[in-house]
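Note sheet for the following structure.
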Amino acid sequence: MAENENKAYKDFIRTIIDEDLKIGKNDGRVHTRFPPEPNGYLHIGHAKSICLNFGIAEEYGGLCNLRYDDTNPVKEDVEYVDSIKEDVRWLGFDWDDREFYASDYFDKLYDYAVQLIKDGKAYVDDLSQEEIREYRGTLTEPGKESPYRNRTVEENLDLFTRMRDGEFKDGEKVLRAKIDMTSGNINMRDPAVYRIKHASHHRTGDKWCIYPMYDFTHCLSDSIEGITHSICTLEFEDHRPLYDWFLEQLRVHHPQQIEFARLNLSYTIMSKRKLLSLVKEGKVSGWDDPRMPTICGLRRRGYTPESIRGFAERIGVAKRDSVVDIALLEHILRDDLNKRADRVMAVLNPLKVVIENYPEGEVEELNAINNPEDESAGMRKIPFSREIFIERDDFREDPPKKFFRLAPGREVRLKHAYFIKCEDVIKDDNGEIVELRCTYDPATKSGEASDGRKVKGTLHWVSTAHAIDAEVRMYDRLFKTENPGANGDFMDDLNPDSLDVLAGCKVEPKLTHANPGESFQFLRKGYFCVDTDSTPEKLVFNQTVGLRDSWAKIEGKKK
RNA sequence: UGGGGCGUCGUCAAGCGGUAAGACACGGGCCUUUGGAGCCUGUAUCCCAGGUUCGAAUCCUGGCGCCCCAGCCA
């Protein structure tokens with residue numbers, strides 16, 4: 001809530017709420033809801049909605065319900081309801097005991113439907129699905145009325161009861177609202193209210209064989225819960241007249257539906273259907289694959305709830321379609337991790353260095369600061385010895401301009417340790433560099449030369465005898481194009497190099513005791529977290545996001 | 001050609017008649033025991049055309065462009 005108070009402006013939704021409050025609407029209450037359908041895992045797009053709905057409730061001292069929109073049993077599953085709860089909670093929101101299900105209201109909804117029939121506002125239609133489609137008309141031509149449209153109330157009541165009692169097969173009959181077959185808004189051309197589905201529901205089991213449609217269910221669920229502001233995405237704008245219609249006909253509490261633009265992210269797909277196919281076709285390891293934009297994927301990748309909430313706040317809320325640059329998400333993530341992740345040294349692609357003038361068998365415990373951005377993170381000791389590993393690409397036999405790392409005859413600093421100078425390069429029969437012979441200057445301990453000479457480069461390293469082996473999973477964007485699927489099948493835009501598993505990485509001994517989920521900055525490399533696959537016997541890290549790499553930029557430009 | 005929305009920097013996004021915030025990205029520079037972080041710095045006249053006004057991104061008119069809708073999905 002504090003974060004919004006220092007905002008100089010308010011988005012259009014909060015502006016509406018302010019006005020409502022000013023005129024005393026809803027007795028000054030603000031009550032929102034987050035209404036997922038449990039048919040898939042939550043993704044970053046949902047996070048925007050979650051932050052909006054729960055955030056508004058928090059800011060205005062109101063409430064936000066978690067409500068599952070579970071009216072289609074054939075697509076829904078408890079696996080999803082559990083994951084949704086976990087994800088919303090992880091993001092940092094709480095719904096107390098207000099965990100609701102549209103299916104909780106099936107009895108009431110049925111009664112409302114009966115009421116509609118009694119009022120002559122709904123009828124049972126015998127038309128087949130295909131016929132209904134034909135009768136609906138097109139975008140430019142009006143529809144025509146079903147021959148069953150004017151059945152008597154008694155007949156409709158009887159038929160609807162028998163629908164409920166299972167006398168008919170799926171699709172044989174449908175309850176429709178009687179509105180206007182000539183409306184320019186197709187949603188108003190006698191929309192379906194109840195359809196027959198002989199399927200068991202994850203909560204109500206086999207109690208029902210008829211299930212209410214979204215439009216009918218959603219507005220009434222909002223009404224029943226006393227929702228004041230029903231916030232949804234743009235594609236429901238056309239449904240608002242219908243939302244309002246049901247509530248007006250039934251003369252019940254009438255929440256206000258407000259629509260905002262859903263989140264789109266560059267290089268990312270957000271459709272649940274497409275995400276599901278990535279999982280089903282094994283393109284990713286699961287819903288929580290660290291490359292997925294799902295909340296659980298981001299969590300496993302090492303994203304923090306704070307970064308996701310911060311992102312939701314930064315992108316704002318508006319009505320125009322937009323595509324947010326994924327670089328913004330990554331920037332906010334780095335910003336957050338920079339302040340909280342302890343620094344540690346890890347060599348991803350090791351190259352052995354022997355420091356010839358360093359005494360054999362000697363080990364020094366050097367002091368290292370854990371986080372320069374956070375003094376309270378303290379210090380640690382790291383072992384230094386005659387043989388160390390450095391990053392293979394921190395050495396160039398023939399250094400290009402502006403490359404100020406190690407090269408023959410060059411001197412660099414080893415972070416927290418000494419200056420070393422490369423004296424010799426050892427190669428194998430194939431000409432592959434296998435080892436560097438260096439010398440160190442004892443007078444540069446802790447990285448400062450007593451004679452005041454400077455070095456341009458500072459390398460991270462790890463002592464060979466003390467290093468721990470680890471697997472590090474490096475990630476790149478899942479899709480190689482900014483707008484996957486824009487030019488055909490989105491599967492064709494999959495980045496074949498989105499995962500690169502590095503074995504034999506060498507990390508500081510401290511990491512042996514790191515727990516899954518813990519984040520670190522691998523000095524000069526990026527942010528990494530311990531994967532859920534990790535064990536003390538076999539450490540596994542995920543690259544969360546790389547550090548900004550201005551050298552890569554310089555080098556990239558030259559090509 | 002029906003109905004509903006939307007059009008401000010490369011990308012998000014403020015502005016609500018008084019003379020274009022901020023962020024990301026990008027460029028330049030400083031600093032640096034992470035080529036990280038930090039610091040300084042550069043970059044839009046508001047889809048177009050008319051009109052109203054002393055004055056318009058903001059009001060009016062007319063165009064143009066983009067998105068959504070023809071599930072017994074949500």
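Naming convention: chains lettered A, B, ... in sequence-line order (proteins, then strands); numbering from 1 in each chain. Basis for what follows: all heavy atoms, side chains included, without hydrogens, waters or symmetry-related copies.
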A cation-pi test, strictly: NZ or CZ of A/K144 under 6.0 Å from the centre of the six-membered ring of A/Y135 and no more than 45 degrees from its axis. Yes or no? yes

Can you tell me if NZ on A/K319 sees more than 12 non-hydrogen neighbours from other groups inside 6.0 Å? yes

Nearest-Å distance, CG (A/D125) to C1' (B/G71)? 15 Å

If anything within 90° of 0 is syn and all else is anti, what is B/G71? syn

Checking contacts here: which listed nucleotide (B/C72, B/A70, B/U11) is nearest the side-chain heavy atoms of A/V174? B/C72

Determine the sole option in A/Y211, A/F216, A/W208 for which the ring-ring contact (aromatic ring centres under 6.0 Å, His included) test with A/Y110 is passed. A/W208

A/N185 has its side chain closest, among B/G71, B/G36, B/G3, to B/G3

Any base atoms under 4.0 Å from A/A261, or only sugar-phosphate, or nothing? Heavy atoms, all strands. nothing

Heavy-atom nearest nucleotide on RNA chain B taken for A/R343 and for A/T140; more 5' hit belongs to A/T140

Looking at A/Y101, does the NZ or CZ of A/R203 lie under 6.0 angstrom from its six-membered ring centre and within 45 degrees of the ring axis? yes

Does a side-chain N or O from A/R320 land closer than 4.0 Å to OP1 or OP2 of B/A13, or not? yes

Looking only at side-chain N and O atoms, does A/R314 come under 4.0 Å of OP1 or OP2 in B/A25? no

With sugar-phosphate meaning primed atoms plus P, OP1 and OP2, does A/P372 contact a base, only sugar-phosphate, or nothing at under 4.0 Å between heavy atoms? base

Can you confirm if the NZ or CZ of A/R413 lies within 45° of the ring axis of A/F419 and under 6.0 Å from the centre of its six-membered ring? no

Side-chain N,O (A/H460) to OP1/OP2 (B/U34) below 4.0 Å: no

Could you check whether A/E330 gets within reach of a base, just the sugar-phosphate, or nothing at all, counting any heavy atom under 4.0 Å? nothing

For B/C69, does OP1 or OP2 lie under 4.0 Å from any side-chain N or O of A/R189? no

Is the distance from OP1 or OP2 of B/C73 to the nearest side-chain N or O of A/K197 less than 4.0 Å? yes

Would you indicate what A/D69 reaches in the nucleic acid, counting non-hydrogen atoms under 4.0 angstrom: base, sugar-phosphate, or nothing? sugar-phosphate

Look at the side-chain N and O atoms of A/R133 and state whether any lies under 4.0 Å from the OP1 or OP2 oxygen of B/G71. yes

Please classify the nucleic acid contact of A/T138 as base, sugar-phosphate, or nothing, using heavy-atom distances under 4.0 Å. base

Scan A/I332 against the nucleic acid and name what it touches under 4.0 Å (heavy atoms): base, sugar-phosphate only, or nothing. nothing

Using atom CG of A/L523 as one end and atom C1' of B/A37 as the other, report the distance to the nearest whole Å. 11 Å

Would you indicate what A/D238 reaches in the nucleic acid, counting non-hydrogen atoms under 4.0 angstrom: base, sugar-phosphate, or nothing? base

When we call it a touch if two heavy atoms are under 4.0 Å apart, what does A/T182 touch: a base, just sugar-phosphate, or nothing? nothing

For the C1' atoms, the ones on B/U43 and on B/C24, what distance do you get once it is rounded to whole angstrom? 14 Å

Phosphate-side-chain proximity, A/R524 and B/G36, N/O vs OP1/OP2 below 4.0 Å: no

Applying a 4.0 Å non-hydrogen cut-off, can you work out what A/Y211 is touching in the nucleic acid: base, sugar-phosphate, or nothing? nothing

If only side-chain N and O atoms of A/K319 are considered, is one of them under 4.0 Å from the OP1 or OP2 phosphate oxygen of B/G4? no

Closest to the 5' end of RNA chain B, once A/L139 and A/P212 are matched to their nearest nucleotides, is A/L139

I want to check one thing: is the phosphate of B/G71, taken as OP1 and OP2, less than 4.0 Å away from some side-chain N or O of A/R195? no

Choosing from B/C12, B/G2, B/G5, which nucleotide comes nearest the side chain of A/V324? B/C12

Below 4.0 angstrom from OP1 or OP2 of B/A74, is there any side-chain N or O of A/T71? yes

So which atom in A/R176 and which in A/S146 form the shortest heavy-atom distance, rounded to 0.1 Å? NH2-CB, 3.9 Å

Across the strands shown, which category fits A/L127 at heavy-atom distances under 4.0 angstrom: base, sugar-phosphate, nothing? base

What is the distance, to the nearest angstrom, from the NE2 atom on A/H331 to the C1' atom on B/G38? 12 Å

At under 4.0 Å between heavy atoms, what does A/E237 touch on the DNA or RNA strands: base, sugar-phosphate, or nothing? sugar-phosphate

Counting the atoms with a prime plus P, OP1 and OP2 as sugar-phosphate, which does A/E37 contact under 4.0 Å by heavy atoms, base, sugar-phosphate, or nothing? sugar-phosphate

Base, sugar-phosphate or nothing for A/V455? Non-hydrogen atoms, less than 4.0 Å. nothing

Rounded to whole Å, CZ of A/R136 lies from C1' of B/G3 at a distance of 15 Å

A/Y194 near the nucleic acid: base, sugar-phosphate alone, or nothing, with a heavy-atom cut-off under 4.0 Å? nothing

